[in-house]
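Accompanying notes for the structure given below.
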There are 2 protein chains.
Amino acid sequence: MPDPEIRMRKMVEALRENQYRITPQRLAILKVLAESKGHPSVESIYEQVKTNFPTTSLATIYKNVAVLKDLHQLLELGFSDDSNRYDGNKPYDHPHVVCTVCRKILDPDISALADMTQELTRETGFAITRHRLDFFGICPDCQARQ
Amino acid sequence: MPDPEIRMRKMVEALRENQYRITPQRLAILKVLAESKGHPSVESIYEQVKTNFPTTSLATIYKNVAVLKDLHQLLELGFSDDSNRYDGNKPYDHPHVVCTVCRKILDPDISALADMTQELTRETGFAITRHRLDFFGICPDCQARQ
DNA sequence: TTTTAATGGAAAATGATTATCAATAAATAG
DNA sequence: CTATTTATTGATAATCATTTTCCATTAAAA
């Protein structure tokens, strides 16, 4: 079973467990989230869902994203100068690389992180609970285009 | 000479070099920025400057912060759910620890970072130009209060 | 069939930041 | 030291796009 399908089932399960109803629009949103690699915005989810359900409302996307976030099935990446982006595949803290040209966001495979939180706790006395690690640059595609 | 004074001179120098006028309000803002440890917001700078210059306008703080940012004398930390915070002491990318209770922001001494960008470049093919690394938790003061 | 959550469409809120402009004062040359 | 120029200040109004709210209609669940 492909990864996106596993994620969809997991999310549907979370919805059912919490007495949320399974609507076609909801499933379409889950599908987009489970299949997206670039961390879509609400607007982008909206555009994709509309290809199958042309009457879908933007408000519906917002409401469903909020539900999934509450159920911890969605990681929200807020940007002060851009709209929020969502990660439905790894709904837990992890580093991201952000292309400053095409705005796509990817998950790097990175190892050197685990120690960092420990070092910080020792260094600062903070009880670290979460992190947000963004690296900005130009992706291979956009480099090639220039 | 204490660190804050060195920073103030550096910032005044940058202003002069770029034909900006040295006003008392401007100096008061630089002083707050050079002496602050917790990465103040515009509002916080405003409150502090007003103790010496009660007629200072919030707009003046905004305008001066923008000037200093342009001159690369100030690091701006934007938050999607909170107002911007400013670092006048280390106006270049570096990790931060953010207290989720009192909202203070500190600079940890951390070593394990240098490699990360290299590993990312190799891993993703991105040409990394900058980063934003925030660790969230509860500071020692707020832990003690609970 | 009944209950009530979810949807769709539009309007409203949000609140930090930016723009405006008359009044003030820093810089500089004579 | 004085005059001139023009950047800066202060007070307020305007902006901005995203996100939230509203409510009548629709449809999922049992």
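These numbers come from a predicted model, not from an experiment. All values below come from the heavy atoms of this structure, side chains included, with hydrogens, waters and symmetry mates left out. Each chain gets a letter, A, B and so on, in the order its sequence line appears, and its residues count up from 1.
Gln19(A) places a side-chain N or O within donor-acceptor distance of the main-chain N or O of Glu17(A), the cut-off being under 3.5 Å. Formation of a donor-acceptor pair under 3.5 Å by the Glu123(B) side chain with backbone atoms of Asp109(A) is found in this model. A donor-acceptor distance shorter than 3.5 angstrom exists from the side chain of Thr51(B) to the backbone of Gln48(B), with no hydrogens or angles considered. Formation of a donor-acceptor pair under 3.5 Å by the Asn64(B) side chain with backbone atoms of Arg26(B) is not found in this model. With hydrogens and angles ignored, the 3.5 Å screen pairs no side-chain donor or acceptor of Arg85(B) with any backbone N or O of Phe79(B). Looking at Arg132(A), its side chain never comes within 3.5 Å of a backbone N or O of Phe136(B) through a donor-acceptor pair.
A donor-acceptor contact closer than 3.5 angstrom is absent between the side chains of Asn89(B) and Arg7(B). Side-chain contact, His131(A) with Asp134(B): no donor N or O sits under 3.5 Å from an acceptor N or O.
Using a 4.0 Å cutoff to heavy atoms of chain A, the contacted part of DNA chain D runs 5' to 3' from dT18(D) to dA29(D).
Interface residues of residues 65-76 of chain B facing DNA chain C, ordered by number: none; criterion, heavy-atom separation under 4.0 Å. A heavy atom lying under 4.0 Å from DNA chain D marks the following residues of residues 26-56 of chain B, by number: Arg26(B), Thr55(B), Thr56(B).
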Point to revise | Base-contact (B) and sugar-phosphate-only (S) positions in nucleotides 20-30 of chain C, heavy-atom cut-off under 4.0 Å, - elsewhere | key: B----BBS---
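Residue Pro95(A) comes nearest to Pro108(A) through the heavy atom pair O-CD, 3.3 Å, listed as atom of the first residue, atom of the second, then distance. Here the closest heavy-atom approach between residue Ala14(B) and residue Asn18(B) is recorded as O-ND2, 2.7 Å. Of all non-hydrogen atoms in Pro140(A) and Phe126(B), the two that sit nearest each other are CD-CD1, 3.8 Å.
Going from atom CG of Leu15(A) over to atom P of dA5(C) covers 15 Å, rounded to whole Å. Nucleotide dG9(C) holds its P atom 12 Å from the CD1 atom of Ile61(A), rounded to whole Å. Across the protein-nucleic acid pair, Leu58(A) atom CG and dG9(C) atom C1' stand 11 Å apart, rounded to whole Å.
Under a hydrophobic clustering in which Ile, Leu, Val, Met, Phe, Trp and Tyr are joined whenever their side-chain heavy atoms come within less than 4.5 Å, directly or via other members, Val49(A) and Val12(A) fall into the same cluster.
The rotation axes computed at either terminus of the helix from dT1(C)-dA30(D) to dG30(C)-dC1(D) lie 40° apart, taking five pairs at each end and rounding to 10 degrees.
Between Tyr62(B) and dT17(C), a side-chain N or O to OP1/OP2 separation shorter than 4.0 Å is present.
Sorted by first and then second residue, the side-chain hydrogen bond (donor to acceptor under 3.5 Å, both in side chains) pairs with a member in residues 137-146 of chain B read Lys104(B)-Asp141(B); sequence neighbours excluded.
Taking a cutoff of 4.0 Å between a charged side-chain nitrogen and a carboxylate oxygen, Glu13(B) and Arg9(B) do not qualify as a salt bridge.
Ring geometry, His39(B) versus His94(B): the interplanar angle falls from 30° to 60°, so the pair is classed tilted.
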